[in-house]
Amino acid sequence: MQKPSIRHHCGLFGIWGHQDAVALTHLGLYALQHRGQESAGIVSTAGERLMRHARLGLVNQVFDQQVLDRIRAPRAIGHVRYSTSGSTTQNNAQPLLFSFAGGQVAIAHNGNLINAALLRRNYEKVGHIFQTTSDTEVIIHLLAKPAHQGKKNPLNHVLNHLQGAYSILLLFPDRMVAARDPLGFRPLCLGETKSGATVVASETKAFDMIDAKYVRDVEPGEIVTVTDDGVESRHFGGGRGGRGAACIFEQIYFADPSSLVFGENVHLVRVAMGKKLAQEAPVEGDLVVPVPTCAQCAATGYAQASGIPYGRAFTTSHYSGRSFILPTQSGRDMAVKIKLTVIKEAVAGKRLIVVEDSVVRGTTTRGKIGALRAAGAKEIHLRVASPPIRHACYFGIDFPDPIELIANQKSVEEIRDFLGVDSLYYLSHEGMLSCVRMDRNKYCTACFSGEYPIDVKEPVEKFSMEQSQLKMFT
Ligand code: SF4
């Protein structure tokens with residue numbers, strides 16, 4: 001179940017050189033649906049014009065067999081979107097498709113460009129007309145600029161203008177291009193099908209879905225070009241081996257547990273975080289329960305390390321709709337109530353160790369704790385498998401305004417009191433970083449630490465582009 005207070009971002013999938021490329025992209029998007037539920041789209045080509053179908057809705061609502069047959073082609077890119085920049089409107093649904101002097105191009109993007117509003121304003125001042133309110137579109141305006149097209153490697157030049165987080169896929173009639181920003185905020189990996197077609201996806205779960213094998217990650221600052229002649233790689237933005245800023249929240253919450261992200265299996269990282277939490281904050285109890293379902297991996301780790309049995313405290317309804325889209329707290333609370341039912345007989349009279357992956361506003365967690373109390377839990381000890389979230393994210397995660405983050409406003413003891421638990425412990429920053437194998441200097445932890453890997457001069461908010469337009473016309 002999704003946290004109502006954290007919105008996912010986007011998922012990318014691309015495949016080059018397979019007769020069923022569109023059908024496989026469709027499957028790949030199913031595998032990535034957890035990364036975005038507002039819109040879905042595919043652009044495909046047989047080498048001439050690009051064909052697009054993108055709409056608001058879930059993958060199963062956006063595509064039917066007729067549509068898939070209409071855009072059938074051996075090369076395709078796809079996208080599922082949760083908007084962290086720009087409204088939820090049909091024309092913001094990706095992949096976006098454009099025609100410019102260099103021909104047709106489609107783009108799919110995961111991340112947030114922190115200088116997009118500035119770039120857009122500059123273009124609008126000289127008469128450019130934007131078709132969307134997404135930050136992604138500025139990349140195409142940069143690419144189409146004659147001065148940039150005149151460069152030896154136009155895309156290298158364009159990407160060097162961007163600041164922030166971007167994993168992107170571009171589809172031209174004669175090539176597919178995958179690129180990751182120099183700090184590597186968002187994941188992107190390369191794979192290969194049994195027939196030898198090259199695939200690209202945000203997470204390896206999409207490869208598993210189509211029986212493709214994982215080959216490697218697209219490196220931070222790397223551009224990978226796929227054509228009928230093979231795969232070529234080049235680097236931009238300072239080359240390889242520099243500092244990184246891979247989003248640690250991918251490991252904590254966003255990515256699917258079955259995926260390899262930043263070279264590590266997400267489930268195992270989360271289990272390690274649960275184990276670390278048990279070492280840092282042991283407590284006597286009868287049952288370790290995940291607050292369903294995203295904390296299952298961390299709760300497994302806590303139970304393994306503590307020797308306390310793991311069990312369920314809630315059942316989850318899969319038929320109650322999408323609570324995360326509800327705009328008010330009372331609406332979200334009711335949606336959680338509809339979605340989760342306490343198993344009274346499993347918790348009554350027990351000392352529960354409740355494991356959460358993260359606490360954002362705290363209101364939803366409080367509702368679940370209240371339900372456990374009402375069901376007769378004797379003690380409730382909350383263990384959170386990440387540090388307190390105190391700061392905003394400008395790189396593609398739609399956390400609430402910092403003043404709505406409970407840890408930004410209250411001490412741990414005040415949070416314990418607010419949530420109504422007997423004890424509360426958050427995984428330490430050190431403890432969190434000890435659970436990942438990649439060098440800690442390659443991770444972004446800014447929402448916990450406030451230490452941003454990029455100087456954010458003009459924070460991009462979800463509606464920055466709309467606001468920019470309003471400013472121009474008022
Ligand atoms: S601020 Fe937090 S959520 Fe945003 S990229 Fe950094 S680690 Fe991820």
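Just so it is clear, the model here is predicted, and its values are computed rather than measured. Order of listing sets the numbers, starting from 1, for every ligand and every atom in it.
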Could you check Val360 against Ile406 for side chain to side chain contact (heavy atoms under 4.5 Å, CB included), going step by step and ending with a plain yes or no?
CA-CA 6 Å; Val360 184; Ile406 191 166; over 6 Å; no
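Listed by chain and number, Cys393 SG are the protein N/O/S atoms closer than 2.8 Å to atom 4 (Fe) of ligand 1, with waters left out.
Side chain to side chain, Asn110 and Arg35 meet the donor-acceptor criterion of an N or O pair below 3.5 Å. Under the 3.5 Å distance criterion, with hydrogens and angles disregarded, no donor-acceptor pair is assigned to the side chains of Ser167 and Asp181.
Within the 4.0 Å heavy-atom cutoff, Arg186 counts among the residues contacting ligand 1.
Aromatic rings of His148 and His161 (six-membered ring for Trp) have centroids within the 6.0 Å cut-off, being under it. Aromatic ring centres of Phe448 and His391: separated by at least 6.0 Å. A centroid separation of 6.0 Å or more is found between the aromatic rings of His381 and Tyr425.
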